[in-house]
S.K.: 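Structure below; questions to follow.
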Amino acid sequence: MTHAADVARFVEEHMEEVLADLDHLVGMESPSTDKALLDAALSGIETWAVERLGEPASRTRHDGGDRGDVLELTWEGSGASGAVLSVCHYDTVWPEGTLADWPLTRDGDVLTGPGVLDMKAGIVQTVWMLKALRELGVPHADLHLLLTGDEEIGSSASRHHIEAAAQNALVTMIAEPSAAGAVKVQRKGTVMADVTVTGIQSHAGLDPEKGASAIHELARLVGRIADLADPERGTTVNVGVITGGTGRNVVAEKASCQVDVRVQKAAEEDRVVEALEALRVEDERCSIEMEIDRNRPPMNPTERTEEMLALLVAAGQDMGVEVTTQAVGGASDGNFIAALGLPVIDGLGGVGAGPHARHEHITVSGLPRQTALMAGLVEQLAGG
C-alpha cells in the first residue's frame, strides 16, 4: 500500500496555501520569447521552491542564450539508489500584459488564468508532492526537478539537458496537463517545414508573360504537401500559414507556407521528410527553398514505461481512483525521452482544458488527486 490517499488529504487540508502558490507562479509572466521575464520568473520559482522544500542538495542553472535558462534542483530522498526526474517548463504562450485583464480567477471548482494549466500547476504539484511526502514521513526517492524555459517554442536550448538528466533517472515524470485526468502514454512526433518559392515579378496586365508567379507555383505544391498525410498510420499534415505577393495586379515574386506534420511512427517521419525534400517546382523559372525541423520524435511506450505505469495504477487504487491512459496528437518534452527508450510518464499535471486559449483552466478538485498520484509513484521507487 502507498500513502497516496494520505497525500491527497494533505493537499486538501493545505489547499489555500497550494492555491496561493499557484497564484504566485501564474503572477510571474513568462512568455517564451521574453528573456528578461523568463529570467525573472525562473529566479522567482527557485526562491519559492527553496522556501517550500529547503536548500537542495545540488543546483545548476544553464544559460539558455536568447531562450529561457534551464534550472536543475535535486533534493535527496530516503536512501534510494537513484532519482525520479520531474521535467516542467515554466514558459507560456501568453505575452506580457495578459495578467492585466486576466488574473488568476476562481469560480467554484474552476481556476482560470494564463499558464495555469500549461503548466504552472504541474510545477506546484511537483513541489507539494515532495513537501507532503516529507511532512508525512513517507520514504521516497530523490527528486531531480528540471525547469525549462523554451518548451512552447521547440526546446532547442533545453533538449540536451533533458536528455542528459533522463539517462540517470529511475523514471521521468512530465507534469504537463492531463487528458481530463488520464495519463498520456502516446504523443505524436512533430515535423515543421517552411517552404518558400521565388518567381519573377511583373505587371499582371501589361507583361503577364514576363512573370513567373510564386503564388501559383506554391498553390500547386500545397496540394502535393497535403497529400502526404496518411491518417490510417496516424500521420496528419496541415498547411497553417500562407503568405505572398504584393498586389492584386502584380505577378508575385515571393510566396511561402508553414507546414505542420504529426506522426506516430518514426518511419512515417522519414517518409514525409524525404517527400518534402524531393518537392520540385513545375515552372523552371521559379525556385524552391525549404527549411525542415524534425522538432520532436514520436512518443510511444516502452516496456519500462509500462512498468512505471503499473506503479501509478497501484497508487490510484490505493486512493480509490482509476488511472486511465490516452494517446494525443500534441507533443511535449516527454517525446525526447521516450525516443531514447527511457521510461517516461506524461500528463501528470492539472485536470482541466483550454491550453493556449482564453478559457484555459484547471479544476481545484483535481490538484489533490494528481499530486497524490505523483507521490505514490515516487514513494514506490524509494528503493530504487
S.K.: For atom CD of Q167, decide whether the heavy atoms of other residues, nucleotides or ligands shown that lie under 6.0 angstrom number more than 12.
M.R.: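 Enclosed.
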S.K.: According to side chain to side chain donor-acceptor pair (under 3.5 Å), does anything in residues 5-18 pair up with another residue at least two apart or in another chain? List the pairs.
M.R.: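 Every side chain to side chain donor-acceptor pair (under 3.5 Å) pair that includes a residue of residues 5-18, provided the two are not neighbours, is D6-R9.
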S.K.: Considering only heavy atoms from C-beta outward, does the side chain of I225 approach that of V239 to under 4.5 Å?
M.R.: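 Side-chain contact under 4.5 Å: yes.
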S.K.: Using 0.5 Å steps for rounding, measure from the CG atom of L53 to the CH2 atom of W75.
M.R.: 5.0 Å
S.K.: Knowing that exactly one of D91, D150, D34 qualifies, which makes a salt bridge (charged side-chain N to carboxylate O under 4.0 Å, His left out) with R67?
M.R.: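 One option only clears the test, and that one is D150.
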S.K.: Just verifying a value: how many Å separate I215 CD1 and E253 CD, rounded to the nearest 0.5 Å?
M.R.: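 With rounding to 0.5 Å, CD1 (I215) is 11.5 Å from CD (E253).
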S.K.: Looking only at heavy atoms, which two atoms of V250 and A204 are closest? And how far apart?
M.R.: N-CB, 4.1 Å
S.K.: Is any side-chain heavy atom of K131 closer than 4.5 Å to a side-chain heavy atom of R134?
M.R.: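 No, their side chains stay 4.5 Å or more apart.
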S.K.: Does a sphere of radius 6.0 Å around CD in E306 hold more than 12 heavy atoms from other residues, nucleotides or ligands, not counting ones at 6.0 Å or beyond?
M.R.: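 Yes, enclosed.
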S.K.: Please check if atom NZ in K265 has more than 12 non-hydrogen atoms from other residues, nucleotides or ligands closer than 6.0 Å.
M.R.: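 For K265, atom NZ is not crowded (no more than 12 foreign heavy atoms under 6.0 Å).
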S.K.: When you check the side-chain N and O atoms of H161 and E72, is any donor under 3.5 Å from an acceptor?
M.R.: no
S.K.: Apply salt bridge (charged side-chain N to carboxylate O under 4.0 Å, His left out) to R61 and list each qualifying residue two or more places apart in sequence or on a separate chain.
M.R.: D39, D69
S.K.: Hey, does R59 have a side-chain heavy atom less than 4.5 Å from the side chain of E46?
M.R.: yes
S.K.: List the residues meeting salt bridge (charged side-chain N to carboxylate O under 4.0 Å, His left out) with R187, not counting sequence neighbours, and say none if there are none.
M.R.: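 Salt bridge (charged side-chain N to carboxylate O under 4.0 Å, His left out) check on R187 returns D346.
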S.K.: Please report, to 0.1 Å, the donor-acceptor pairs under 3.5 Å made by any side chain of residues 311-330, with sequence neighbours excluded.
M.R.:
unit_1, atom_1, unit_2, atom_2, d
D318, OD2, T2, N, 2.7
D318, OD2, T2, OG1, 2.8

S.K.: Between S32 and E152, does any side-chain donor sit less than 3.5 Å from a side-chain acceptor?
M.R.: no
S.K.: So T236 and P231, do their side chains get closer than 4.5 Å, heavy atoms only?
M.R.: no
S.K.: Please check if atom NE2 in H62 has more than 12 non-hydrogen atoms from other residues, nucleotides or ligands closer than 6.0 Å.
M.R.: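 Atom NE2 in H62 is crowded, with more than 12 foreign heavy atoms closer than 6.0 Å.
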S.K.: Is there any side chain to side chain donor-acceptor pair (under 3.5 Å) pair reaching into residues 194-210, and which pairs are they, with sequence neighbours excluded?
M.R.: T198-K254
S.K.: With rounding to the nearest 0.5 Å, note down the distance linking CG in L145 to CG in L71.
M.R.: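 Output value for this atom pair is 7.0 Å.
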S.K.: Is the shortest heavy-atom distance from the side chain of T235 to the side chain of R271 under 4.5 Å?
M.R.: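 Touching, per the 4.5 Å side-chain cut-off.
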S.K.: Tell me the side chain to side chain donor-acceptor pair (under 3.5 Å) pairs involving residues 105-129, sequence neighbours left out?
M.R.: D21-W128, S30-K120, S86-T126, H89-D118, W102-T112, D109-S365, D118-H356
